[in-house]
Protein chains: 2
Amino acid sequence: MAASRRPLAPDEPNRRAEIVRAASRLFAEKGYSATTIRDIAKAVDMQSGSPFYHFKTKHDMLLAVVLEGMATITRATRAAAARGGTPREVFDAMLLAHLEQLLAEDGRHFAATLLHEGHHLEPAALKELIAHKDTYEAMWQKALRDLKRAGNIGDDSRVTRLFLMGALNWTVQWYRPNGGRTVKQIARQISDLLLRANA
Amino acid sequence: MAASRRPLAPDEPNRRAEIVRAASRLFAEKGYSATTIRDIAKAVDMQSGSPFYHFKTKHDMLLAVVLEGMATITRATRAAAARGGTPREVFDAMLLAHLEQLLAEDGRHFAATLLHEGHHLEPAALKELIAHKDTYEAMWQKALRDLKRAGNIGDDSRVTRLFLMGALNWTVQWYRPNGGRTVKQIARQISDLLLRANA
DNA sequence: CCTACCGATCGGTAGG
DNA sequence: CCTACCGATCGGTAGG
């Protein structure tokens, strides 16, 4: 599934990574289908056929973007959870980590592509992505279970998790970096909304 | 902005409406850019050039889908709110109306296109859509304000509304008609989640 | 990674 | 609404 690549010399500029980054931005802004290989090539100062030296197909580029986005969010949220604390402290740290990856300057195009363009993957790749997503969301289900045991929420069902994911992932649609609200404030606000009864 | 059309004879099959319906399904399933005029034509048993008898451009088809989706959801939610009752009764009726339009067999492709493909509109059309959306969401802001006055929620800010919209609109991503949960149950569950403290 | 290119497909149109 | 078509563009490739 992963595209092949040459071993990378120590100080060689990583053109492949540049392509992935440019692709993430273009896929996020214009959509996968409306983005052409020529768009991507131009964004990294290549000729139109050259990206195919790094990737076999356009679908492989999408897969690279989507898997990197998924891996980054998973890593950040898992690390936040691993720092420990009360269920609410863990939950708040996870909220912040998730939103930072979604909304930060350097990662938001990966996240947006992940959330909106994943369905353009071929069946086998889509299955792989969904497996990663299920693993990721299981972390959240566990966090909700711990919150319930601690009496912080009344319902830790699957639907509650899906509402939470919706509220979080929808921020991509409306958050603006200079909108006067920090990511930390947004994370705090959803925490208050869900846990208000026992704050 | 709206595409022109002939006056419609009483029992003449409305081919234009058939095109819009087929387009909504294809745009929702494959995305605007990946859907071809030939796909749409085939879905309504026309030749590839014939849809252009009804619409000047592919963008006009998208606009028709998106405006019809927006109008339908607005109409249903406004009617629900107009039935009156306590702030919570009004809110619950609005939740159900919104989710029914989003998830029901006959409207979900319009809603999905509205939520995911709107950004492919040209600037003027996009602006028109955003104006409709703002009007619609103002209804929800008012409902939240009434809930707060009645003591049902603690925070009726803009961000609360956006979290709510996210939780609701995200259902499109995971709801399956035969998933064992009815739309009514889902509406009830999000109402309980938000208003739990004062249930 | 560039040059030069190919076959396929696309949105859209003229004329009936 | 169909027939027949056009110019533009697309993903991808061979050869260097």
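In what follows, every heavy atom counts, from backbone to side chain, and hydrogens, waters and symmetry copies are set aside.
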Nucleotide C/dG11, atom C1' - distance to NE2 of B/His120 in whole Å: 16 Å
Proximity to the side chain of B/Arg15 - top-ranked nucleotide from D/dT3, D/dC1, C/dC1: D/dC1
B/Met61 CE to C/dG12 C1', straight-line distance once rounded to whole Å: 10 Å
Lys/Arg N to Asp/Glu carboxylate O, B/Glu18 vs B/Arg15, below 4.0 Å: yes
Residues touching DNA chain C, which here means a heavy atom under 4.0 Å, drawn from residues 32-40 of chain B: B/Thr35, B/Thr36, B/Ile37, B/Arg38
Contacts of A/His119 that satisfy ring pair (Phe, Tyr, Trp, His ring centres under 6.0 Å) - sequence neighbours left out: none
Candidate nucleotides C/dC1, D/dC1, C/dG12, ranked by approach to the side chain of A/Met46 - the nearest: C/dC1
Selection residues 68-79 of chain B - residue pairs positive for salt bridge (Lys or Arg N to Asp or Glu O under 4.0 Å), sequence neighbours left out: none
B/Ile19 or A/His59, whichever maps to the more 5' nucleotide of DNA chain D: B/Ile19
Ring centers of A/Tyr32, A/His59 separated by less than 6.0 Å: yes
Contacts of B/Leu26 that satisfy side chain to side chain contact (heavy atoms under 4.5 Å, CB included) - sequence neighbours left out: B/Lys30, B/Thr35, B/Asp39, B/Ile40, B/Ala43
Non-neighbouring partners of B/Lys148 that pass side chain to side chain donor-acceptor pair (under 3.5 Å), sequence neighbours left out: none
Where DNA chain C forms stems, i.e. three or more consecutive Watson-Crick or G-U pairs with both distances under 3.5 Å: C:1-16 with D:1-16
Near-strand residues of residues 20-31 of chain B, defined as heavy-atom separation under 4.0 angstrom from DNA chain C: none
Side-chain N,O (B/Gln47) to OP1/OP2 (D/dT3) below 4.0 Å: yes
A/Gln101 and A/Thr77: side chain donor to acceptor below 3.5 Å: no
Options C/dG12, D/dC1, D/dG11, nucleotide nearest the side-chain atoms of A/Lys58: D/dG11
Pairs touching residues 106-118 of chain B that satisfy salt bridge (Lys or Arg N to Asp or Glu O under 4.0 Å), sequence neighbours left out: B/Glu105-B/Arg108
By side chain to side chain donor-acceptor pair (under 3.5 Å) - contacts of B/His109 (at least two apart): none
Check: A/Thr135 side chain, A/Ala131 main-chain N or O, donor-acceptor pair, under 3.5 Å: yes
Atom-pair distance (CG on B/Asp60; C1' on C/dG12), nearest Å: 13 Å
Protein-nucleotides 13-16 of chain D N/O pairs closer than 3.5 Å?
none

By side chain to side chain contact (heavy atoms under 4.5 Å, CB included) - contacts of B/Ala17 (at least two apart): B/Asn14
Contacts of type side chain to side chain donor-acceptor pair (under 3.5 Å), residue A/Tyr175, not counting sequence neighbours: none
Plane angle bin for A/His98 and A/Tyr136 - parallel if under 30°, tilted between 30 and 60°, otherwise perpendicular: parallel
